[in-house]
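Just so it is clear, the model here is predicted, and its values are computed rather than measured. Residue numbers begin at 1 in each chain, while the letters A, B, ... track the order of the sequences.
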Amino acid sequence: MFMKKKLSTILKDTLDLCFREGYLKQTPIPEFVIEVPHNPDHGHFATNLAMTLAAEQKNSPRKIAEIIIQHLMDHDHFILKAEIGGAGFINFFVAREQWHSLLTQVAELGDDYGRNSLGKGEKIMVEFVSANPTGPLHLGHGRGAALGDTLCRILSFCGYDARREFYINDAGLQIKLLGKSIYSRWRQFSDPSYPFPEDGYRGDYIEELALEIAQKQDLENLSVDEAIDLLSELGKDKMLKELKEDLADFRVNFDLWYKETDLYSSGKIDQTIKLIKKRGLLFEEGGALWIKTTPFGDDKDRVLRKKDGEFTYFASDISYHLDKWERGFKKVINIWGADHHGYVNRVQAALMAEGIPQGWLEVLLIQLVKLWEGGTEVKMSKRSGRYVALKELVDDVGVDAVRFVLLSKDHNSPLDFDIDLVKRKDSENPVYYVQYAHARICSIFRKTAEANMNLPEDPGPCLEKLVLDEEIALIRKMSEFPSLIEEIASTSEPHRLTYYLIELAGSFHRYYNKHRVISNDRALSQARLCLSLGVKTLIKNGLNLLGLSAPEIM
RNA sequence: GCGCCUGUAGCUCAGCCGGAUAGAGCAGCGGACUUCUAAUCCGCAGGCCGCAGGUUCGAAUCCUGCCAGGCGCACCA
C-alpha cells in the first residue's frame with residue numbers, strides 16, 4: 001500500500017545482498033530517507049542512501065549508488081528505472097502498472113483509504129477549548145476548537161479511541177464576578193448610577209442575560225447576596241448552553257463536559273490532597289498548604305490551598321488530571337492558549353510526583369490569533385467586552401471558511417486573521433479552491449449519464465490508458481495520503497492536511513484544464529473517470545477529517 | 001533577569017527529524033471560456049530564508065551567540 005515502504009524494503013534487501021556477496025563492506029545501515037523529489041526529472045522517488053553510506057564504506061556516494069542499482073532486489077518489477085543523480089542520489093521511476101494498481105486500491109477502499117490501526121484501539125483524550133462559561137467564545141477559542149476536533153477526527157481514523165472533553169471552570173471567583181456583573185446591569189436598568197464591578201465583564205451579553213433572567217425571576221425580593229448567587233448560577237448555565245450551541249454549530253461535539261464543581265462535590269480534591277500527603281510532598285507554610293513539585297522539574301513549589309482556605313486552580317487541575325489517569329486514558333492531549341505556557345511545567349511536575357509517566361500528558365500551545373479589520377488590529381478581551389465572537393464570524397462567512405483558515409497554520413505560529421479578506425472575498429479562501437475541485441469532479445460524473453458513459457466494473461484493463469506524466473503524478477500524490485495521515489496523528493500537525501489538499505486540488509485543476517476526461521475514446525474516458533473518482537474520494541476524505549463539507553455543486 | 005514561541009517574496013504563510021534550482025495563496029502585470037463548472041488555468045515579475053559564527057560532502061532546516069516581535073514567570077483566573 002505504501003509505495004515508500006515497498007521501496008524501503010527493496011533497498012534493505014539489496015543492502016543485505018550486497019553485504020552477503022561482498023559487493024559492499026559489512027557496515028551498519030544508516031538512517032536514510034526516501035523522498036518525493038520536486039523535480040520530475042528526478043523520478044518518482046529518490047533516496048540519499050548511497051550518500052549516507054559513503055563515510056562508513058570509504059567510497060564515493062556515486063560509486064556506491066552504482067553498486068546498489070546493479071544489484072537491486074526487485075522481483076516484482078516494481079522499479080522501472082533507477083538512476084544516479086547529483087552528489088549520489090538514487091532516483092527511482094516506478095513501473096506504471098504499480099501506479100495503476102494503487103489507483104485500483106483507492107477505488108476499492110473508498111472512504112477507508114488512508115485509514116490505519118496505528119492506535120490499536122487505545123483510549124486517548126483531547127481536552128480543548130475549556131473556556132470559562134462567563135462569556136461568548138472568540139476566535140482564539142475557535143482555533144483551539146478546530147484543532148482539537150480535527151485532531152480527534154484524525155486520531156479516530158488512525159484507530160485510536162479518541163474522546164473530546166471540555167473542562168468547565170465553574171467553581172471559582174470568576175463565576176461570582178459574572179453574577180455581580182449581571183446584577184449591576186440589572187440594577188442599572190432602574191438606576192444608571194449603580195456601580196459596576198471594577199473587573200466585571202463588560203460585554204453587551206451581560207445586559208442581555210440580565211434582561212432575560214429578570215423576566216423570569218423575582219430578583220426584587222432577594223437580598224443582594226442571594227440575588228448575586230442566583231445570577232451567578234443562572235448566568236453560568238445560560239453561557240454554558242450557548243457555548244455548547246456555538247461549538248455544535250462549529251461542528252465540534254464533546255463527549256464529556258467535566259465540571260470543576262464535581263471535583264469538590266465528589267470529594268476528589270480531598271482524595272488528591274491525601275494522596276499528595278501520603279507521598280510526603282505536602283507541607284504547610286505561611287498558613288497555606290503546598291505541594292513539593294521542585295524535585296520533578298518545577299522551578300518552585302506551589303500552593304494548593306490558600307491561607308483563606310480556598311483551593312487554588314492548581315489543586316483542582318491536579319485532581320482533574322489524576323481523574324483522567326484513573327479513567328484509563330493511555331495518553332492525554334491538552335490544547336491551551338500560549339498564555340498558559342508557564343503552567344505546563346508545573347502540571348507535568350505534579351503528575352510525575354504521582355508516578356504518572358512523563359509524556360502521558362502532552363500540551364499543545366496555540367499561539368494567539370490576531371484579528372484585523374479595516375487594516376487595523378482588533379484587540380480582543382472578554383473583560384472589556386471587545387472581541388469578535390466566533391459565532392458572529394461563523395454566521396457571516398460559514399463554518400468551512402473559518403475552520404479552514406484556523407486549521408491552515410501551525411499551532412505554534414501566531415495567526416493573523418483578516419476579517420475583511422475572509423468575509424468579502426470568499427473565493428480567495430483556499431477552502432473554496434479545494435471544494436471546487438470536488439464539485440467539478442461531481443459535475444463530470446453528472447455528465448457521464450448523458451454521454452452514455454459509466455465507470456467500468458473492473459477498472460483494471462482500462463487503466464493502462466493512463467500514461468501521461470500528470471496522471472501518474474496525481475496517483476503519486478494520492479499515494480502520499482496514508483503516510484501523511486499517520487504523520488499528522490503522531491505529530492499533531494493537522495495543518496499539513498490543508499496544504500496537501502490544496503496541492504491535490506491544484507494538480508487536478510491543472511489536469512482538468514489541459515485534458516478532457518470524457519472523450520470519444522471509451523476506455524480512455526473510463527480510465528480518467530477512475531482517476532477523477534480517486535481524487536474526489538481523497539478530497540472528500542481529507543475535508544471530512546478537517547470537519548469541512550464537500551459540496552457536490554458550487 | 002529567566003523561560004516558551006516566532007522571524008522565509010510587498011502581505012499572509014508552508015517547507016524545519018540536513019539534500020538536487022527555497023514553494024503556495026493574495027496583491028501587481030499580460031493572456032485563455034462555441035468543448036466535462038473561469039470559485040479554474042497559463043505566463044511574467046518578485047528572495048542577504050532576521051544577523052554572525054560553528055558542525056560537514058551539503059544548512060532555511062542542526063548547535064552557539066546576538067537582534068527584533070509575541071507570550072509567560074502569583075497564596076490571579
- Task: Over all heavy atoms of both residues, which pair between Leu147(A) and His411(A) is shortest? Give the atoms and the distance, please.
- Result: CD2-CB, 4.0 Å

- Phosphate contact (C36(B) OP1 or OP2) by Lys536(A) side-chain N/O below 4.0 Å: no

- Would you classify Lys307(A) as touching base, sugar-phosphate or nothing, given that sugar-phosphate means primed atoms plus P, OP1 and OP2, and contacts are heavy atoms under 4.0 Å? base

- Could you check whether the rings of Tyr511(A) and Phe508(A) sit parallel, tilted or perpendicular, using 30° and 60° as the cut-offs? tilted

- Query: Looking only at side-chain N and O atoms, does Tyr436(A) come under 4.0 Å of OP1 or OP2 in A39(B)?
  - Reply: yes

- Task: Would you kindly check if the NZ (Lys) or CZ (Arg) of Lys4(A) is within the cone defined by 45 degrees around the ring axis of Phe45(A) and under 6.0 Å from the six-membered ring centre?
- Result: no

Atom pairs, N/O to N/O, protein against nucleotides 11-15 of chain B, distance under 3.5 Å?
residue : atom : partner   : partner atom : Å
C13(B)  : OP1  : Pro414(A) : O            : 3.3
C13(B)  : OP1  : Asp416(A) : N            : 2.8
C13(B)  : O2'  : Tyr499(A) : OH           : 2.6
A14(B)  : OP1  : Asp410(A) : N            : 2.9
A14(B)  : OP1  : Ser413(A) : OG           : 3.2
G15(B)  : OP1  : His495(A) : NE2          : 3.0

- Is a side-chain N or O of Tyr500(A) found less than 3.5 angstrom from the main chain of Lys477(A), in a donor-acceptor match? yes

- Query: Glu487(A) or Arg446(A): which one's nearest nucleotide on RNA chain B is closer to the 5' end?
  - Reply: Glu487(A)

- Could you tell me whether Tyr258(A) and Tyr320(A) have their ring centroids closer than 6.0 angstrom? yes

- Mind checking Glu260(A) for me? I need base, sugar-phosphate or nothing, with any heavy atom below 4.0 Å counting as a touch. nothing

- Could you check whether Asn412(A) gets within reach of a base, just the sugar-phosphate, or nothing at all, counting any heavy atom under 4.0 Å? sugar-phosphate

- Query: Contact class for Asn91(A) (heavy atom, under 4.0 Å): base, sugar-phosphate, or nothing?
  - Reply: base

- Task: Could you check whether Phe445(A) gets within reach of a base, just the sugar-phosphate, or nothing at all, counting any heavy atom under 4.0 Å?
- Result: nothing

- Task: Indicate, with a heavy-atom threshold strictly under 4.0 Å, whether Ala439(A) touches base, sugar-phosphate, or nothing.
- Result: base

- Message: By the rule that syn is within 90° of 0, classify the base conformation of C73(B) as syn or anti.
- Response: anti

- Item | Glu487(A): partners by side-chain contact (heavy atoms from CB on, under 4.5 Å), with sequence neighbours left out | Arg496(A)

- Message: Given the structure, check if the side chain of His341(A) and the base of G3(B) hold any donor-acceptor pair shorter than 3.5 Å.
- Response: yes

List every contact pair, protein side and nucleotides 59-62 of chain B side both N or O, where the distance is under 3.5 Å.
none

- Query: Contact class for Lys300(A) (heavy atom, under 4.0 Å): base, sugar-phosphate, or nothing?
  - Reply: sugar-phosphate

- Task: Answer with base, sugar-phosphate or nothing: what part of the nucleic acid does Gly88(A) contact at a heavy-atom distance below 4.0 Å?
- Result: nothing

- Query: Counting any heavy atom closer than 4.0 Å, what does Arg516(A) reach on the DNA or RNA strands: base, sugar-phosphate only, or nothing?
  - Reply: base

- Message: Strictly below 4.0 Å: does Lys306(A) bring a side-chain N or O up to OP1 or OP2 of C76(B)?
- Response: yes

- Pick base, sugar-phosphate or nothing for Leu173(A), based on heavy-atom distances below 4.0 Å to the nucleic acid. sugar-phosphate

- Message: Classify His515(A) by what it touches in the nucleic acid, base, sugar-phosphate, or nothing, heavy-atom distance under 4.0 Å.
- Response: base

- Message: In this structure, how many angstroms lie between the C1' atom of C76(B) and the CG atom of Asp308(A), rounded?
- Response: 12 Å

- Task: Determine the stems involving RNA chain B; a stem requires 3 or more consecutive pairs of the Watson-Crick or G-U wobble kind, each with both distances below 3.5 Å, and the answer is none if no such run exists.
- Result: B:1-7 with B:67-73, B:10-13 with B:23-26, B:28-32 with B:40-44, B:50-54 with B:62-66

- Which is true for Ala288(A) with a 4.0 Å heavy-atom rule: it touches a base, it touches only sugar-phosphate, or it touches nothing? base

- Item | Members of residues 40-52 of chain A that approach RNA chain B, where some heavy atom sits under 4.0 Å away | His42(A), Ala46(A), Asn48(A), Met51(A)

- Message: Tell me whether the side-chain N/O atoms of Tyr433(A) come closer than 4.0 Å to OP1 or OP2 in C41(B).
- Response: yes

- Can you find a side chain N or O atom of Arg528(A) that sits less than 4.0 Å from OP1 or OP2 on C36(B)? no

What protein N or O atoms touch nucleotides 29-34 of chain B N or O atoms at under 3.5 angstrom, if any, and at what distances?
none

- Please work out if Leu289(A) contacts a base, only the sugar-phosphate, or nothing of the nucleic acid, heavy-atom cut-off 4.0 Å. nothing

